[in-house]
Amino acid sequence: MNLHYLEKLGVDAFRTGSVYNSVIGGEFNQAGTGEQFAARSPIDGAQTALFQNASVEQLNAAVEQAEAAFKAWRTVPAPKRGEFVRIIGNLAREYKEELAQVVTLESGKILPEALGEVQEWIDVCDFAVGMSRQLHGLTIVSERPGHRMMEQWQPLGPVAVISAFNFPMAVWAWNAMLGLVCGDSIVWKPSEKTPLCALAIQAIVDKALELMPEVPKGVCSLIVGGRDVGQAISEDRRFPLVSATGSTAMGRSVGETVGKRLGRSLLELGGNNAMIVSETADLDLALRAIVFAAVGTAGQRCTTLRRLIAQESIVDNLIERLPKSYSSLRIGDPRNDGVLIGPLVDQGSFERMQSTLKTAVEQGGEIVYGGERLTDNVPAGGFYVNPAIVRIAHDAPIVQEETFAPILYVMTYETIEQALDIQNNVPQGLSSAIFTESMREAEFFMSPAGSDCGIANVNIGTSGAEIGGAFGGEKETGGGRESGSDAWRNYMRRTTNTINYGGDLPLAQGIVFE
Ligand code: NAD
């Protein structure tokens with residue numbers, strides 16, 4: 001497949017014969033000895049390109065390049081490092097349309113959402129450029145006369161990034177743009193489902209390297225492969241930090257492996273996001289938020305709304321109106337204007353959705369709407385579904401699980417305290433929301449006794465976070481925070497310096513040792 005936007009981005013340069021490979025230290029690298037695999041588009045299941053898994057030698061080469069690059073990069077003044085990120089951001093602006101087309105091709109998300117994803121990358125660049133002048137620590141008073149204490153934030157080392165298929169560009173950007181201004185080098189293992197997106201990004205990085213030749217080429221490398229390569233990265237002591245985004249099962253494995261060698265992991269894992277709709281809520285507003293959060297990106301966002309917890313006096317109203325809204329949404333080829341719901345990523349995803357729906361019914365759930373595969377007016381070979389609405393008891397075991405597909409469970413509550421209990425009583429803790437016009441309910445929801453999630457929104461849906469805030473969640477979501485606020489600190493090490501400018505040597509805690 002030779003798609004014009006890939007050619008325009010320069011991705012074809014990374015190919016010999018028919019096979020793409022890893023890109024290490026700015027060079028297309030052919031030393032892969034792993035199995036070949038085909039990348040496929042969820043749009044129609046067609047093969048887009050052939051790839052070769054990275055070999056152990058390639059991973060080694062990437063880490064060696066990253067180590068060497070880090071040694072030079074860490075001493076470049078941070079605002080100068082920001083300059084490199086600014087160039088990357090400007091190139092992402094210039095190629096936004098082409099980049100978004102690759103996102104749509106490989107993840108199946110509709111073009112407006114793909115453009116939004118590239119915009120997120122651009123926004124993170126702007127944010128990181130600003131941060132490059134604000135990597136500040138504290139000055140702390142000392143208990144000893146003639147002394148001063150301060151904190152400094154220093155570059156950390158080569159950072160590994162392992163990313164999921166559903167945000168094939170933004171997740172890399174959250175990590176890499178901040179990591180680069182912090183003085184780190186980055187080795188990226190993208191999802192094996194979206195390797196062309198990674199090559200498109202690498203092509204942009206290569207252009208930036210040409211524009212700023214003093215930047216060491218090994219600051220950004222790309223290692224193609226699946227779980228085995230991810231496992232090898234997790235085991236590698238030369239990565240002081242492994243940032244991994246994906247399922248909870250993956251995060252558990254990465255967390256354990258990195259933990260065994262006492263490295264740091266930054267985990268961004270599955271969610272089981274809930275919205276409480278109170279009897280005081282503006283239901284028109286809530287309805288719009290529910291629909292976007294539950295079916296946007298075909299239910300394949302980590303922040304997708306999966307549990308609607310409605311006050312019992314208004315649940316019938318919602319159950320009546322939601323199917324009407326759902327049925328007005330166009331489902332089909334995500335490249336077409338007006339389509340709002342694209343395909344599931346692959347057959348496995350479709351099968352998991354079907355088995356979840358079956359289990360939900362066995363556990364007393366009632367499918368109020370949708371759930372079936374669509375074959376009319378959609379490209380053959382893709383897995384397009386009608387998003388499902390399932391009315392179910394809050395304590396049905398299936399409700400505890402994240403199924404990465406558009407299934408919305410609807411359940412009821414009596415009191416706001418009970419709603420919060422239902423919301424928090426799942427293993428995951430990513431995103432949550434309340435729709436209410438009651439100040440008391442809103443404040444209770446955000447209070448220490450309220451939502452236990454990393455994201456707690458009022459009168460906004462669960463998905464679509466802004467990059468300025470720290471993004472991530474608690475419990476089995478992994479506890480990591482990326483993107484805005486002070487997430488940059490993840491990519492640095494903190495040193496505490498105590499300076500003696502007096503002529504004496506007093507000890508801390510008043511100890512006398514003479
Ligand atoms: P996945 O877990 O199947 O794969 C994610 C990445 O991990 C891929 O690159 C994969 O090759 C790699 N991987 C898999 N097993 C591994 C292992 N044992 N060791 C090392 N690497 C391994 O996830 P997916 O299907 O690509 O993405 C969907 C999941 O990601 C959902 O659970 C979703 O909620 C989650 N997600 C979370 C966030 C967040 O920020 N919290 C963002 C996006 C996606």
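Counting starts at 1 for both ligands and their atoms, in listed order. These values consider heavy atoms only, across backbone and side chains, with no hydrogens, waters or symmetry-generated copies.
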Report task. Tell me yes or no: between the side chains of Q101 and E97, is some donor less than 3.5 Å from an acceptor? Result -> no

Query - Within the protein, residues bringing a heavy atom under 4.0 Å of ligand 1, chain by chain - result: I162, S163, A164, F165, N166, K189, P190, S191, E192, G226, R227, G230, Q231, T245, G246, S247, M250, S253, V254, E268, L269, G270, G271, C302, E402, F404, L430, F471

Query raised in the report: With sequence neighbours excluded, what pairs up with R40 under the salt bridge (Lys or Arg N to Asp or Glu O under 4.0 Å) test?
Result: none

Query raised in the report: Salt bridge or not for E362 and K358, using N-O below 4.0 Å?
Result: yes

Query raised in the report: Does K217 reach the main-chain N or O of Q65 with its side chain, forming a donor-acceptor pair under 3.5 Å?
Result: no

Requested in this report: Could you tell me whether the side chains of Y384 and D333 share a donor-acceptor contact shorter than 3.5 Å?
Outcome: no

Query raised in the report: Ion pair present between E192 and R227, side-chain N to carboxylate O less than 4.0 angstrom?
Result: no

